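Let me begin by presenting the structure, written as structure tokens, before commenting on it.
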Amino acid sequence: MPAPRTVLLTGAAGGLGTLMRDLLPAYGYALRLLDVNPVPGAPDAIRADLADTGALREAVRGVDAVLHLAGISLESTFDRILEANVRGTYHLYEAAREEGVPRIVFASSNHAVGFTPRPRPGDPLIPVATARRPDTFYGLSKGFGEDLAQLYWDLHGLETVSVRIGSCFPEPSSVRMLSVWMSPADGARLFHAALTAEGVGHTVVYGSSANTRLWWDLSSARALGYEPRDDSEAYAKELVARDGELDEDDPDHAHLGGHFCTRPPLWPH
Ligand code: NAI
Ligand code: 15L
């Protein structure tokens, strides 16, 4: 497909949206921004809820692709997750289908497979094709998004790359994150690859840097042309000195999803 130039970025006011607003224009994108909250410094951003089907249809009109980050990004009640992440993502796909948008890059999450046992040193990396084991209603909604993407590819020919993001923050802040961290610069590299690779159909990838302590297989991401350049190991000494290595007997450390499996952080609203 020709390189997309105009990309709708949903969730533009959020943490990842803010990082990508800074980084993606260097790849040649003109970003159209959308969020239910005001986007600081962007008076032209579309302020709309994913429930607003008319606004979504207008927002996707004429774009080459959508980078869909909007939604509840932590655990919440089933009803809230249902509204924002399940119905909201459905509304976005319907708008894209109706307006002929050819590709969506969907922010899935490691929490779609969060109850997968954490690999120990020497274990094989977790493949993309591992069984879904959501750790929360939040993770469940990301599995729904991946299946919705598959349906819209099979039924309507709308392409998606579902990125099971690990932890994308400026720096890793825990020993677990040493395994799942995606530097913002690698995030931009991966989203760019996902927006431009040819013939993706529906492809699921893990989203992280090339961490020394990586838990999962990045080969489907690399097949899109993604070449990560960062490694969280640069932060390991400090984090391990502070918190120690992951504890074999601590339930918080037993699974890929970490403490989402035991005491998930709650969406504040
Ligand atoms: P965030 O919570 O900082 O941002 C989410 C944004 O979506 C917020 O600005 C919020 O106002 C907006 N939003 C929420 N519900 C909405 C609705 N109904 N309509 C319109 N906008 C709505 O989350 P963050 O960290 O920026 O994550 C972005 C996406 O990436 C989320 O979908 C999250 O699940 C996913 N993700 C992020 C990871 C990370 O490490 N940051 C890891 C795995 C997945
Ligand atoms: C996620 O899915 C969350 O959106 C993000 O805030 C982090 O908590 C991340 O997972 C993680 O697993 O660290």
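All of these numbers come straight from a predicted model, not from anything done at the bench. Computed from heavy atoms alone, side chains included, the values below leave out hydrogens, waters and symmetry copies. In each ligand, atom 1 is the first atom listed, and ligand 1 is the first ligand listed.
Looking at Met182 against ligand 1, nothing comes within 4.0 Å, counting heavy atoms. Residue contacts with ligand 1 for Ser108 involve N, CA, C or O but no side-chain atom from C-beta outward (heavy atoms, distance under 4.0 Å). For Asn110, every heavy-atom contact with ligand 2 shorter than 4.0 Å involves the side chain, none the backbone. Residue-level proximity to ligand 2 for Trp267 is absent, since no heavy atom of it falls below 4.0 angstrom. Contacts between Trp267 and ligand 1 below 4.0 angstrom, taking non-hydrogen atoms only, involve the side chain exclusively.
Residues Arg61 and Glu58 are not paired through a salt bridge, judged by the lack of any N-O separation under 4.0 Å between the basic side chain and the carboxylate. Ionic pairing of Asp64 and Arg103 is not present here: no N-O contact between side-chain nitrogen and carboxylate oxygen is shorter than 4.0 angstrom. With salt bridges taken as basic N to acidic carboxylate O contacts below 4.0 Å, one links Arg118 and Glu248. Ion pairing between Arg132 and Glu146 holds under the 4.0 Å rule for side-chain N and carboxylate O. Using a 4.0 Å cut-off between a side-chain N of Lys or Arg and a carboxylate O of Asp or Glu, Arg57 and Glu98 qualify as a salt bridge. Between Asp186 and Arg189 there is a salt bridge, since at least one side-chain N of the basic residue sits less than 4.0 Å from a carboxylate O of the acidic one.
Under the 4.5 Å side-chain heavy-atom criterion for grouping Ile, Leu, Val, Met, Phe, Trp and Tyr, Phe144 is connected to Phe260 within one hydrophobic cluster. The hydrophobic clustering, which links ILVMFWY residues whose side-chain heavy atoms are closer than 4.5 Å, places Leu19 and Val163 together. Hydrophobic clustering of Ile, Leu, Val, Met, Phe, Trp and Tyr side chains at less than 4.5 Å, counting indirect connections, keeps Val113 apart from Leu74. When hydrophobic clusters are built by joining Ile, Leu, Val, Met, Phe, Trp and Tyr residues whose side-chain heavy atoms come closer than 4.5 Å, directly or via intermediates, Leu151 is not grouped with Val200.
Summary of contacts: the protein heavy atom closest to atom 5 (C) of ligand 2 is Phe169 CZ, 4.0 Å. At the top of the distance list for atom 38 (C) of ligand 1, counting protein heavy atoms only, stands Ile165 CG2, 3.9 Å. Asp35 OD2, 3.6 Å is the protein heavy atom nearest to atom 8 (C) of ligand 1. Here the heavy atom of the protein found nearest to atom 9 (C) of ligand 2 is Gly166 O, 3.3 Å. Annotation: atom 19 (N) of ligand 1 to nearest protein heavy atom, Leu50 N, 2.9 Å. Remark: minimum distance from atom 2 (O) of ligand 2 to any protein heavy atom is reached at Tyr138 OH, 2.6 Å. If you check which protein heavy atom lies closest to atom 22 (C) of ligand 1, you get Val36 CG1, 3.6 Å. Remark: minimum distance from atom 3 (C) of ligand 2 to any protein heavy atom is reached at Ser73 O, 3.2 Å. Among all protein heavy atoms, the one lying closest to atom 35 (C) of ligand 1 is Ala107 CB, 3.8 Å. When only non-hydrogen protein atoms are considered, atom 2 (O) of ligand 1 lies nearest to Ser73 OG, 2.7 Å.
Here the closest non-hydrogen pair linking Leu224 and Ala197 is O-CB, 3.6 Å. The minimum heavy-atom distance linking Leu214 with Ser208 is given by the pair CD1-OG, 3.2 Å. In plain terms, the two heavy atoms of Phe115 and Asp135 that are nearest each other are CD1-CA, 3.6 Å.
No heavy atom of Lys142 sits closer than 4.0 Å to any atom of ligand 2. Heavy-atom separations between Gly166 and ligand 1 include at least one value shorter than 4.0 Å. Ligand 2 has no atom lying under 4.0 Å from any heavy atom of Pro265. By the 4.0 Å heavy-atom criterion, Lys142 is counted among the residues contacting ligand 1.
Remark: aromatic rings of His192 and Tyr29 are close, center separation under 6.0 Å. Side-chain rings of Tyr206 and Trp215 stay apart, their centers remaining 6.0 Å or farther from each other.
Of all atoms in ligand 1, numbered sequentially from 1 with element shown, those under 4.0 Å from a heavy atom of Asn37 are 11 (O). Here is the list of ligand 2 atoms found below 4.0 Å of a heavy atom in Phe260: 8 (O). Proximity to Ser167 (heavy-atom distance under 4.0 Å) selects the following atoms of ligand 1: 40 (O). Applying the 4.0 Å criterion to heavy atoms of His111 picks out, from ligand 2, the atoms 1 (C), 2 (O), 9 (C), 10 (O), 11 (C), 12 (O). Every atom of ligand 2 with a heavy atom of Arg176 under 4.0 Å away is listed here by number and element: 11 (C), 12 (O), 13 (O). Heavy-atom proximity to Ser167, at under 4.0 Å, picks out these atoms of ligand 2: 9 (C), 11 (C), 12 (O), 13 (O). Close approach to Gly11 involves these atoms of ligand 1, each under 4.0 Å from a residue heavy atom: 6 (C), 7 (O). Interface atoms of ligand 2 facing Ser109, defined by a heavy-atom separation under 4.0 Å, are 1 (C), 2 (O).
Between the side chains of Asp217 and Ser219, a donor-acceptor pair is found at a separation under 3.5 Å.
Counted within 6.0 Å of CZ on Arg213, heavy atoms from surrounding residues, nucleotides or ligands total more than 12; the atom is thus considered enclosed. In this structure, Tyr27 places its OH atom where more than 12 heavy-atom neighbours from other residues, nucleotides or ligands lie under 6.0 Å away.
Ranked by closest heavy atom to atom 3 (O) of ligand 1, the top entry among Pro268, Gly15, Ala12 is Gly15. For atom 32 (O) of ligand 1, the choice among Leu69, Leu16, Thr18 with the nearest heavy atom turns out to be Leu69. Considering only non-hydrogen atoms, atom 33 (C) of ligand 1 lies nearest to Tyr138 out of Tyr138, Trp181, Phe169. Relative to atom 5 (C) of ligand 1, the option among Ala48, Ala112, Gly71, Ala70 with the closest non-hydrogen atom is Gly71. Taking each of Ala55, Cys168, Gly14 in turn, the one with a heavy atom nearest to atom 41 (N) of ligand 1 proves to be Cys168.
Using the six-membered ring where Trp is involved, Tyr152 and Tyr93 have ring planes that are perpendicular, over 60° apart on the 30 and 60° scheme.
Between Asp49 and ligand 1, an N or O atom pair is found at a separation short of 3.5 Å.
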